[in-house]
Engineer: 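First the structure, then my questions, so here it is.
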There are 2 protein chains.
Amino acid sequence: MRRPTIADIARRAGVSQAAVSFALNGRPGVSEATRERILAAADALGWQPNTAARSLSAAAAGAVGLAVARPARTLGVEPFFMQLISGIQAELSERGHALLLDLVEDVHAEAAVHRRWWAERRVDGVLLVDLRTGDPRPEVLREIGMPAVLAGGPDPTGAVPGVWVDDARAMTAVVEHLHGLGHERLAHVSGPPGMAHSAHRAEAFAAAAGTGAARAATDFSDAEGAVATRGLLRRRPRPTAIVYDNDVMAVAGLSAARQAGLSVPGDLSVVAWEDSALCRLTHPTLTALSRDAFRFGAAAAARLLDLVRHGPGGAAVGDTEFELPELVVRESTAPPRPNGG
Amino acid sequence: MRRPTIADIARRAGVSQAAVSFALNGRPGVSEATRERILAAADALGWQPNTAARSLSAAAAGAVGLAVARPARTLGVEPFFMQLISGIQAELSERGHALLLDLVEDVHAEAAVHRRWWAERRVDGVLLVDLRTGDPRPEVLREIGMPAVLAGGPDPTGAVPGVWVDDARAMTAVVEHLHGLGHERLAHVSGPPGMAHSAHRAEAFAAAAGTGAARAATDFSDAEGAVATRGLLRRRPRPTAIVYDNDVMAVAGLSAARQAGLSVPGDLSVVAWEDSALCRLTHPTLTALSRDAFRFGAAAAARLLDLVRHGPGGAAVGDTEFELPELVVRESTAPPRPNGG
DNA sequence: GCGGGTTTATGAACCGGTTCAGCGACTTCC
DNA sequence: GGAAGTCGCTGAACCGGTTCATAAACCCGC
């Protein structure tokens, strides 16, 4: 039951502990024959390194952290997050690192968690999501000197490198799709203006959609998505197409439109920013922007591990751009009715 | 930038390292005056214990693990999981523990992760979800002697204590609700028969629903939920009410019924096992079994920490029952049409 | 056969905490 | 006043790895 240590291996193989350490870590200093004898002994004993001991001398935790500041209510509904975490996880475990997860109230609590993790040496670095405007986190991370990567960057302050998607370009593509169908009065149901990527999208929308464009901000929840939709549909002239910043709100918007007596896509076209099973469950199915959250998470994790391993001057420098999301056209977008509005 | 150690505190307070350790851990051996001087020094330096060092001597990792073996595709869509994790997290962080998360392929990979975590001393215990029939995990955990708690037990082998919900009683309540409305031909769209809780529910359903009962098994995904629904609706006589084992399949079933030309709840009543925003987004809204996944997770985590702290003979022994889910009646259940079928 | 260099292996220090035996100083009690 | 006990604190070992200075063994050419 007692877990074997290198001392056990050393005794079994008849060598010193130092030799065992060299052998197990593939460093020079032991002959090939001895190395094999040691590896065989380690294998026979089922030895695994004690992470605490290794961390202590190596001054590396072998783990990275992800603290998420979103209400659990919102988090749970968005498939995006689990996919993201799954991708992060896959990359990390392949490279022998563990993932520490923390769900907290807000970005200040998150920064506090980062400080604690760092002080306790629990993690070698952290991943950031949901950058806010005036976000305290990048500054805190720079201050304590902890490696960090922003998933969904770039960080305008430049304190933290990011793996990012060009939301502006994606938004332009969505607007072009709608324009191409003949829509002229577009609306955007966005996330909180305090979220950086939300603000980016809103700007890009305003720039691409032209003068008739309307906008409503929400907290990403289905409830506010419905309220925003009702508000937009009361406008005269009424928008003929709405772009939602996530899948959940798009579904809520669909219900709201139906309750207002409008048909989709006859009276109103709908686009969701994030694709998921949800978008295929509705009737009509939703046109959506699809990105590979799994690979996105993996890319961010890979970037972070490089940073941890090689320091800021490592393999990649600055921000890394991730592929554009793909617009998957389904039933919820169609040309507007000639008499619409 | 260098993180302070107890040696720094000792130097600053003019005492030995041992005294510092005693003072910081609230143990006897230092006078009140000295203790305060030490705490002040620690505070001034912003000291936090190095978890690696502490783990090494205390032989405790200060973390617990959760490895989940579900396809990310399914995981992401179920709000239940994030709520559960959120609750686990809340309890853990309150008691100074971190959460290690791993998403893996299947229960065998999960058992392998448990072994590795234990050998590496990364965690003090693990939480189990989704017990399968013939699940290898309890046996592995008993073998290596790692504290574990099953969220969603009880474990029939008795190797791992569980925090559990009486699914059988809940299912009976659902069936009674439907019977009370006048339904006689009920159907159940269940999860994989290999999942223990799924099997329990199916048994309870069969016992309560009587002879006319039909059943279809799925993998919990929206796709199979739709297929199962179409199959059930082709039966003659047709069922007038369907109970789905999760929210996602219930929504998918709703679409499938509509496509088959049936109205809900006119021609078909629908009940979802798990409540979520999803159930309120649909049209009609879904009658659902609602349980507090957050508190459920917290309860499981609390049970595990007790086990870790006090051993198997600790505060609680055996399985702990969690409150029954509540049936939230919404628009999707109603009396069957007299001429239905 | 001997000096110089390389390979292979070892002992001991170190990472940052925890813990325990031991030792003065002080109190208590007879 | 001296034995016994308590209090407050220290020195050192220990957890399980990594690492470095050092030494023994071996190889080479001259």
Side-chain angles (χ1 to χ4, degrees), chain A residues 1-39 41-42 45-63 96 116-122 124, chain B residues 1-39 41-42 45-63 96 116-124 309:
Chain A
M1 192 55 55
R2 198 178 66 80
R3 286 165 281 193
T5 70
I6 55 168
D8 299 319
I9 301 177
R11 211 170 305 121
R12 197 172 220 267
V15 294
S16 68
Q17 296 197 16
V20 174
S21 181
F22 291 145
L24 292 170
N25 292 295
R27 335 172 117 261
V30 286
S31 67
E32 204 45 49
T34 310
R35 180 185 308 276
E36 273 171 27
R37 195 151 40 89
I38 291 172
L39 291 181
L45 292 169
W47 177 86
Q48 292 283 114
N50 178 323
T51 40
R54 184 165 275 181
S55 300
L56 191 53
S57 45
R116 185 165 48 75
W117 275 346
W118 185 240
E120 294 179 346
R121 285 176 169 70
R122 273 224 201 247
D124 297 322
Chain B
M1 192 55 55
R2 197 178 67 81
R3 286 165 284 194
T5 72
I6 55 168
D8 299 318
I9 301 177
R11 211 169 305 121
R12 197 174 219 267
V15 294
S16 69
Q17 296 197 16
V20 174
S21 180
F22 291 146
L24 292 170
N25 293 296
R27 335 172 117 261
V30 285
S31 68
E32 204 45 50
T34 309
R35 182 186 305 278
E36 274 171 26
R37 196 151 40 88
I38 291 172
L39 291 182
L45 293 170
W47 178 86
Q48 291 285 115
N50 178 324
T51 40
R54 182 166 276 180
S55 301
L56 190 53
S57 45
R116 186 164 47 77
W117 276 347
W118 185 241
E120 294 178 346
R121 285 178 171 69
R122 274 227 202 244
V123 300
D124 298 322
R309 201 156 303 184

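Naming: A, B, ... by sequence-line order, numbering from 1 per chain.
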Engineer: Please answer whether the main-chain N or O of A/Ala52 pairs with a side-chain N or O of B/Ser55 as donor and acceptor at a distance below 3.5 Å.
Structural biologist: no

Engineer: Can you find a pair of side-chain heavy atoms, one from B/Leu24 and one from B/Trp47, that are under 4.5 Å apart?
Structural biologist: yes

Engineer: Which is true for B/Thr5 with a 4.0 Å heavy-atom rule: it touches a base, it touches only sugar-phosphate, or it touches nothing?
Structural biologist: sugar-phosphate

Engineer: Can you tell me how far the OG1 atom of A/Thr5 sits from the CG atom of A/Asn50, to the nearest 0.5 Å?
Structural biologist: 9.5 Å

Engineer: Rounded to the nearest 0.5 Å, what separates atom CD1 in A/Ile6 from atom CG in A/Leu45?
Structural biologist: 12.5 Å

Engineer: Considering residues at least two apart in sequence or located in another chain, which fulfil the side-chain contact (heavy atoms from CB on, under 4.5 Å) criterion with A/Thr51?
Structural biologist: B/Glu120, B/Arg122

Engineer: Only pairs under 3.5 Å count here: list side-chain donor-acceptor contacts from residues 9-16 of chain A, not counting sequence neighbours, and write none if there are none.
Structural biologist:
residue, atom, partner, partner atom, Å
A/Arg11, NH1, A/Asp8, OD1, 3.3
A/Ser16, OG, A/Ala19, N, 3.2

Engineer: With the threshold set at under 4.0 Å for non-hydrogen atoms, list the residues of residues 47-59 of chain B touching DNA chain D in residue-number order.
Structural biologist: B/Leu56, B/Ser57

Engineer: Return the 5'-most residue of the pair B/Ala19, B/Arg121 with respect to DNA chain D, ranking by each residue's nearest nucleotide.
Structural biologist: B/Ala19

Engineer: Nearest whole Å is fine: how far is C/dT7 C1' from A/Phe22 CZ?
Structural biologist: 13 Å

Engineer: Which residues pass the side-chain contact (heavy atoms from CB on, under 4.5 Å) test with A/Ser31, sequence neighbours left out?
Structural biologist: A/Ala33, A/Thr34

Engineer: Please find the earliest and latest nucleotides of DNA chain D, in the 5' to 3' direction, that have an atom within less than 4.0 Å of any heavy atom of chain A.
Structural biologist: D/dG16 to D/dC20

Engineer: Atom CG of B/Asn25 to atom P of C/dC20: distance rounded to whole Å?
Structural biologist: 13 Å

Engineer: Without swapping roles, check the side chain of B/Asp124 against the backbone of B/Gly62 for a donor-acceptor pair under 3.5 Å.
Structural biologist: yes

Engineer: Classify the nucleic acid contact of A/Val15 as base, sugar-phosphate or nothing, counting any heavy atom under 4.0 Å across all strands shown.
Structural biologist: sugar-phosphate

Engineer: Could you state the interatomic distance from CZ (B/Arg54) to CD (B/Gln48), rounded to the nearest 0.5 Å?
Structural biologist: 9.5 Å

Engineer: Using a 4.0 Å cut-off on heavy atoms, which residues in residues 6-14 of chain B reach DNA chain D? List them by number, or say none.
Structural biologist: none

Engineer: Return the residues of residues 30-39 of chain A meeting this criterion: a heavy atom under 4.0 Å from some atom of DNA chain C. Order them by number, or give none.
Structural biologist: A/Val30, A/Ser31, A/Thr34

Engineer: Taking B/Ser57 for its side chain and B/Ala53 for its backbone only, find out whether a donor-acceptor pair lies under 3.5 Å.
Structural biologist: yes

Engineer: What residues form a salt bridge (charged side-chain N to carboxylate O under 4.0 Å, His left out) with B/Arg35, not counting sequence neighbours?
Structural biologist: B/Glu32

Engineer: For the helix from C/dG1-D/dC30 to C/dC30-D/dG1, how many degrees between its two end axes (five pairs per end), to the nearest 10°?
Structural biologist: 50°

Engineer: Hey, mind stepping through A/Trp118 and B/Arg3 against side-chain contact (heavy atoms from CB on, under 4.5 Å) and telling me if it holds?
Structural biologist: CA-CA 9 Å; A/Trp118 185 240; B/Arg3 286 165 284 194; 3.4 Å; yes

